[in-house]
Amino acid sequence: MRTDYHRTFLVSTLENSVSLQMKGSKGKINKKRLCKKLVSRISDMPVAFQFAKGSSHTFKVCGPEIGELQNIVLEHDGLEKGQAWYVEEVSIVNTARNKTWNIPCKSWLSLFHTDCQLSRTFSSVTGRRNDYTVYEVVTVTGDVRGAGTDANIFVTLFGEYGITPKVHLTSKSRTAFEKNKTDVFRIKTNNVGPIKKIRIEHDNTGMSASWFLDRLVITDMNRPHLRFYFPCNQWLSKEEGDGLYVRDLLGSLNPMDIPKLNKYIVSVFTGDVKGSGTDADVFINIFGENGDTGERRLDNDKDNFERGNEDKFTIESPNLGHLKKITIGHNSKGSSAGWFLDKVIIDDIGNKTVHDFPVNRWFALDEDDGKIQRDILVGGSQTTGIVYNVSVITGNIRGAGTNSKVHIILHGSKGVKNSGKIFLEGGHFERGITDIFNVELAALLSPLSRVTIGHDNGGVSSGWFCEKLYGDKRKSDEMCLDNNSDNFETGQTDKLMIELPELGTIYKLRIWHEKRHPFAGWHLSKVTLMKSLTKERYSFKCGRWLDINEDDNEIIRELPAEGDCVDEVLPCECTSEVGRKPGDLYSG
């Protein structure tokens with residue numbers, strides 16, 4: 001079925017090439033150039049079409065039925081100051097359903113105005129694209145004995161467009177989070193779109209850390225009709241309830257709806273070898289295509305993790321979709337902390353699937369490779385060899401060192417994925433000392449957006465002054481692939497000139513785009529890299545989608561190199577070939 005869409009623009013002067021894309025609830029219409037055939041009244045020759053100042057123009061475009069319009073992407077190719085374009089409004093009519101969407105824009109598409117953007121995404125709800133927004137967060141503390149807390153409260157929002165950083169809910173009132181009290185907070189953070197879930201937690205500090213949370217209500221103040229209700233009615237406490245003080249909550253626009261969490265039955269098999277049992281606290285984080293459970297302590301009323309035993313635990317969480325990996329480990333506490341783990345089996349009750357995670361390794365500082373935490377992929381494969389070199393500098397001031405166990409969390413682009421908590425094992429963290437670690441992960445997170453670092457507050461001297469944290473790149477800087485032309489179109493080969501520093505032997509290439517709008521999906525055939533002077537050539541075969549809606553939903557690829565080595569600094573020519581499928585790339 002093909003549907004006609006009429007698009008009307010109220011604009012200021014523009015003579016450049018203009019294109020528009022649309023995304024709806026049932027699909028999308030890829031980039032269409034908006035043009036008209038005009039003929040001069042004097043010479044009968046074709047003339048350039050202009051979006052004249054104050055004019056309104058209508059275009060007819062055929063495309064599939066995309067349902068309710070959600071977003072449009074409007075862009076043009078004007079690179080000069082005189083080619084700036086101010087868009088007042090866009091009106092789109094689905095002629096088959098006689099449905100109209102009026103989208104206020106009131107924005108410059110210009111390299112010389114406001115934020116210097118030639119492409120913008122507008123919502124059919126508000127029209128204006130906002131990278132940041134203000135959320136009103138309302139917490140309701142329960143009316144049970146001891147419900148109030150002195151701990152610091154944090155919230156993380158998970159939405160359709162990404163994840164916010166962890167935000168501290170601070171208040172000038174000394175009575176915040178007290179029994180039967182409602183507290184209201186305003187936080188400015190990333191616009192994550194419609195909220196899917198939240199993570200609410202505290203740091204277990206203060207004289208009375210336990211907190212009984214009745215519910216939360218979160219409203220996007222730029223779109224106040226988007227008010228999400230998150231029922232909890234549980235303790236966030238190390239001593240009360242199930243011992244959890246980090247919870248993931250599902251929300252609903254209807255306060256009467258109570259979303260159901262999914263259940264995961266986690267079976268842990270300790271190996272049958274001498275000394276295989278552990279007295280340490282064991283933790284697990286389960287990762288799926290829709291997110292992760294967060295770190296959970298595996299504990300019940302039994303003497304767990306003894307030699308040759310199977311221990312079962314139930315974890316409730318929002319549905320993670322297809323499971324991809326687990327991170328499992330312990331804190332090395334107790335007189336007999338070393339642990340030999342045979343395997344983990346997870347029964348996904350909601351999705352009616354069972355996943356095996358064979359391990360057959362020691363988790364001990366004095367056994368095997370000395371690791372007490374591992375990433376395990378479904379089927380038993382361990383890390384894919386993605387190594388991050390991390391250097392941590394402890395400050396050179398009195399009392400700067402710590403005896404606590406230090407951990408780090410790496411966050412990927414837009415915060416959508418993270419590594420989970422990784423203990424930095426073997427570090428000294430002494431005053432004025434730099435500790436260097438190789439952190440191995442089972443999933444690619446680059447480009448990193450931020451890191452979280454902290455410790456377990458254990459040991460005699462737990463306070464720590466961290467001066468600096470940095471990584472050893474051992475790679476080129478990231479480069480935007482752009483030659484000021486219409487790149488990365490269907491079936492097209494694009495050539496770009498770049499300069500690389502001395503990298504030694506090139507063994508891989510990492511390529512990605514930033515998903516700046518809903519139509520960013522890209523099918524990449526291959527990339528070639530050639531020295532301009534010596535004509536030495538590398539080939540990086542891909543043949544995959546970089547698209548959150550296609551293939552494996554990844555927008556980052558690491559491609560192994562095929563070809564000769566580069567031994568000196570030379571200008572390099574980079575060619576990319578786009579597969580014969582629609583898509584656009586904005587490379588970061």
Side-chain angles (χ1 to χ4, degrees), residues 25 135 137-144 147 153-164 192-202 211-220 225-237 240-268 283-300 312-327 344-355 357 378 416-418 420 548 553:
S25 58
Y135 293 98
V137 179
V138 179
T139 63
V140 181
T141 301
D143 187 16
V144 300
I153 306 296
F154 302 88
V155 68
T156 306
L157 311 184
F158 297 74
E160 185 175 326
Y161 306 146
I163 305 172
T164 70
V192 297
I195 302 173
K196 296 181 178 179
K197 74 171 184 178
I198 65 168
R199 179 165 295 161
I200 186 77
E201 60 190 284
H202 64 70
W211 184 38
F212 190 91
L213 175 63
D214 184 78
R215 65 189 182 275
L216 287 95
V217 182
I218 299 180
T219 305
D220 184 340
H225 65 286
L226 292 180
R227 176 170 293 169
F228 297 89
Y229 299 85
F230 298 87
C232 180
N233 198 37
Q234 294 189 79
W235 284 100
L236 280 77
S237 170
E240 304 284 351
D242 57 8
L244 296 178
Y245 51 93
V246 179
R247 294 196 181 277
D248 287 2
L249 305 178
L250 292 175
S252 170
L253 292 170
N254 185 347
M256 303 306 294
D257 288 345
I258 302 179
K260 292 184 178 179
L261 297 173
N262 193 22
K263 287 188 177 181
Y264 298 91
I265 308 299
V266 180
S267 299
V268 181
F283 300 88
I284 192 171
N285 193 357
I286 305 172
F287 293 80
E289 59 185 350
N290 297 331
D292 65 290
T293 61
E295 186 180 274
R296 303 290 184 93
R297 182 184 175 190
L298 299 178
D299 192 21
N300 52 32
K312 289 193 174 184
F313 309 89
T314 300
I315 291 179
E316 290 189 342
S317 164
N319 198 315
L320 302 175
H322 179 70
L323 300 189
K324 293 186 174 182
K325 72 163 187 173
I326 62 172
T327 298
V344 176
I345 297 177
I346 298 180
D347 188 355
D348 183 344
I349 303 299
N351 296 314
K352 298 180 180 179
T353 56
V354 177
H355 301 272
F357 298 87
V378 172
V416 174
K417 295 182 179 180
N418 68 77
I548 63 169
N553 310 127

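We use all heavy atoms of the structure for the numbers below, so side chains are in, but hydrogens, waters and symmetry mates are not. Sequence positions, counted from 1, serve as the residue numbers for this chain.
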Can you name the side chain to side chain donor-acceptor pair (under 3.5 Å) partners of Arg215, sequence neighbours left out?
none

Reported NZ-to-CD1 distance for the pair Lys312 and Ile345, which is rounded to 0.5 angstrom
8.5 Å

Value rounded to 0.5 Å, distance of CG in Asp292 from NZ in Lys324
12.0 Å

OG1 of Thr314 to CZ of Arg296: how many Å apart, nearest 0.5 Å?
11.5 Å

Could you tell me the separation between the CD1 atom of Ile284 and the CZ atom of Arg297, rounded to the nearest 0.5 Å?
14.5 Å

Shortest non-hydrogen contact from Phe313 toward Asp299:
CE2-N, 3.4 Å

Rounded to the nearest 0.5 Å, how far apart are CD1 of Ile346 and CG of Leu323?
6.0 Å

Does the structure place the NZ or CZ of Lys196 under 6.0 Å from the centre of the six-membered ring of Phe158, at an angle of no more than 45° from the ring's axis?
no

Tightest non-hydrogen contact, residues Thr353 and Asp347, listed as O-OD1, 3.5 Å

Any side-chain heavy-atom pair of Ile195 and Phe230 under 4.5 Å:
yes

Report, one line per pair, each donor and acceptor closer than 3.5 Å where one atom sits in a side chain of residues 251-263; sequence neighbours left out.
from	atom 1	to	atom 2	distance (Å)
Ser252	OG	Asn254	N	3.0
Ser252	OG	Asn254	O	3.2
Asn254	OD1	Met256	N	2.9
Asn262	OD1	Gly350	N	2.8
Asn262	ND2	Tyr264	OH	3.1
Asn262	ND2	Asp348	OD1	2.8

When Val137 is tested against each of Ile200, Ile218, Thr219 for side-chain contact (heavy atoms from CB on, under 4.5 Å), which residue passes?
Ile218

Please give me the minimum heavy-atom distance between Ala147 and Gly142, naming the atom from each residue.
CB-O, 3.2 Å

I want to check something: taking the side chain as every heavy atom from C-beta on, are Leu320 and Ile286 in contact at a cut-off of under 4.5 Å?
yes

If you look only at distance, which donor and acceptor atoms sit under 3.5 Å apart when one is on a side chain in residues 241-250 and the other is two or more places apart or in another chain?
from	atom 1	to	atom 2	distance (Å)
Asp242	OD1	Leu244	N	3.2
Asp242	OD1	Arg247	NH2	2.5
Asp242	OD2	Arg247	NH1	3.3
Asp242	OD2	Arg247	NH2	3.1
Arg247	NE	Trp235	O	2.9
Arg247	NH1	Gln234	OE1	3.3
Arg247	NH2	Trp235	O	2.9
Asp248	OD1	Arg199	NE	2.6
Asp248	OD2	Lys197	NZ	3.0
Asp248	OD2	Arg199	NH2	2.9

Is the closest side-chain heavy-atom distance between Ile315 and Leu298 below 4.5 Å?
yes

Give me the atom names and distance for the closest heavy-atom approach of Thr141 to Phe212.
CG2-O, 3.5 Å

Counting C-beta onward and ignoring hydrogens, is there a side-chain heavy-atom pair between Leu157 and Phe228 closer than 4.5 Å?
no

Could you grab the distance from atom CD of Glu316 to atom OG1 of Thr293, nearest 0.5 Å is fine?
12.5 Å

Phe287 and Ile326: CA distance, side-chain angles, deciding distance, side chain to side chain contact (heavy atoms under 4.5 Å, CB included) verdict:
CA-CA 6 Å; Phe287 293 80; Ile326 62 172; 5.9 Å; no

His322 backbone acceptor or donor facing Glu289 side chain under 3.5 Å:
yes

